[in-house]
Amino acid sequence: MVSRTGWTATALTVVGAFSALPSAFYTHIVSATGTPWATALLFSGHGLASIGGMTVAARAARRRSLVAIVVVAVVLDAAGAALLVIAPLDQLGVLLAARVVCGAALGVVVAAASLVVVSSRAGSAGVTAAVFGGVGLGSLSAGLLAAAGLSASQVFLVGALALAAVVAAAALLTPGDAGSAVPAASASTIAVPVSVTPSAGRVVTLAAAVFAANGILALFTSTLPGEIARLAGGASLVAGLSAGTVMLSAGAARLLVGARRTRRLPTALAVLLAIGAGGIVAAVAGPAPIAIAAALVAGIALGAAAGLVYDLAVRRSAAVGALVTVQRAGQLGLVVPPVLMTAAVTL
């Protein structure tokens, strides 16, 4: 049998990984469609749909089992995956529709699964590692599979099969896990005490922090990998590597700076931001080989900083019962920066 928490954390990781598979192919999609806005549209459509999915999950969690909600969402994600498998890279409308479906599924999974995982022994570290680690693994896997000769459709097919395996594994859950209802009165047994009234100012501060952290991650997983890949001759492996290392460092940073070492957090953030800023300067000013290496170093440093901020916000928002609100702000952070950057470059 499989535990509820273990399966849910796995689902969160796999769905996050699948959401990142297109990152290795954004530069090819831009070339195929002929519009520099392709990446921003696909990224923002996915992010906005995720926000909607989180809202749906937050409301459904008061009436349905969180695990059942995740199962349905993974099935929806698999449907979106099937659409990506058959969509040519020059059909932006079809790709966008698929990304919207997958984005909605991701939003539901992130919101519902986080409520399960954050209340377990893994806590916020489990949520941070699953969300960012999954996206990082997806980006790296897409790059490696593309380098091995697989087409975008074949890579998406591998992802769809992984999603199907997660759904199948739900049949092995410990009896009672998948069907247990979650009444509103018992919400405290799943996430946080409902009697705690969050301070509006505190929620806004946490939401702003996550928005900024995810904004950094958005740039390093949407438009920037394509630019780095362009410097490397359009290699999908480089695009996947640049996006993947950023997200993996975001997930791993929490393990390096423990939850109780809050005194070290400001120093760690200052150092990481300084390294990231230096790397960006070197990437802009240096020749291609140096620019690629500097961009990767900057991404790793800034990804780690974003991961630490995200984890801190998850822990603090869980304490005041505002986790879904903060995560919605995080998803908005994945939408706005890529659009603004594309506008700045093209307009």
Side-chain angles (χ1 to χ4, degrees), residues 16 114 117-118 121-137 139-140 192 198-199 201-221 224-225 228 241-286 290-320 322-323 325-327 329-334 336-337:
S114 293
V117 178
V118 79
R121 290 184 178 181
S124 64
V127 175
T128 303
V131 171
F132 292 144
V135 174
L137 289 174
S139 298
L140 285 176
V192 295
S199 163
R202 187 177 183 184
V203 173
V204 169
T205 300
L206 294 172
V210 171
F211 176 89
N214 278 14
I216 293 174
L217 297 176
L219 292 177
F220 275 91
T221 54
L224 292 181
I228 297 173
L241 180 65
S242 61
T245 51
V246 170
M247 299 306 293
L248 286 175
S249 66
R254 168 62 173 79
L255 302 178
L256 299 178
V257 180
R260 297 181 180 180
R261 300 175 182 175
T262 54
R263 293 181 179 179
R264 300 183 182 181
L265 186 57
T267 301
L269 288 175
V271 172
L272 290 171
L273 291 175
I275 295 174
I280 291 176
V281 171
V284 172
I290 295 178
I292 294 172
L296 291 175
V297 170
I300 292 172
L302 294 176
L308 291 176
V309 172
Y310 181 91
D311 179 75
L312 177 63
V314 167
R315 282 189 279 124
R316 296 290 175 83
S317 62
V320 298
L323 181 59
T325 299
V326 169
Q327 287 181 322
Q331 286 302 120
L332 191 60
L334 297 177
V336 177

Of the options V127, L248, L217, L137, which is the one that meets F132 in a side chain to side chain contact (heavy atoms under 4.5 Å, CB included)?
L217

Residue pair G276 / A301: nearest heavy atoms and the distance that separates them:
N-CB, 3.8 Å

Heavy-atom nearest pair, S249 first then G299, reads OG-O, 4.1 Å

Rounded at 0.5 Å granularity, tell me how far CG in L302 sits from CG in L272.
8.0 Å

Does L296 have any side chain to side chain contact (heavy atoms under 4.5 Å, CB included) partners at least two apart in sequence or in another chain, and if so, which?
L241, S242, T245, I292

Those residues that, when tested against A207, pass side chain to side chain contact (heavy atoms under 4.5 Å, CB included) (two or more places apart)
A329

L269: which residues meet the side chain to side chain contact (heavy atoms under 4.5 Å, CB included) condition with it, sequence neighbours left out?
L265, A305, L308, V309

Applying side chain to side chain contact (heavy atoms under 4.5 Å, CB included), can you list everything that pairs with V281, at least two apart in sequence or on another chain?
none

What heavy-atom pair brings A294 and G279 nearest, and what distance separates the two atoms?
CB-O, 3.4 Å

Taking every heavy atom of Y310 against every heavy atom of V210, the minimum-distance pair comes out as CD1-CG1, 3.9 Å

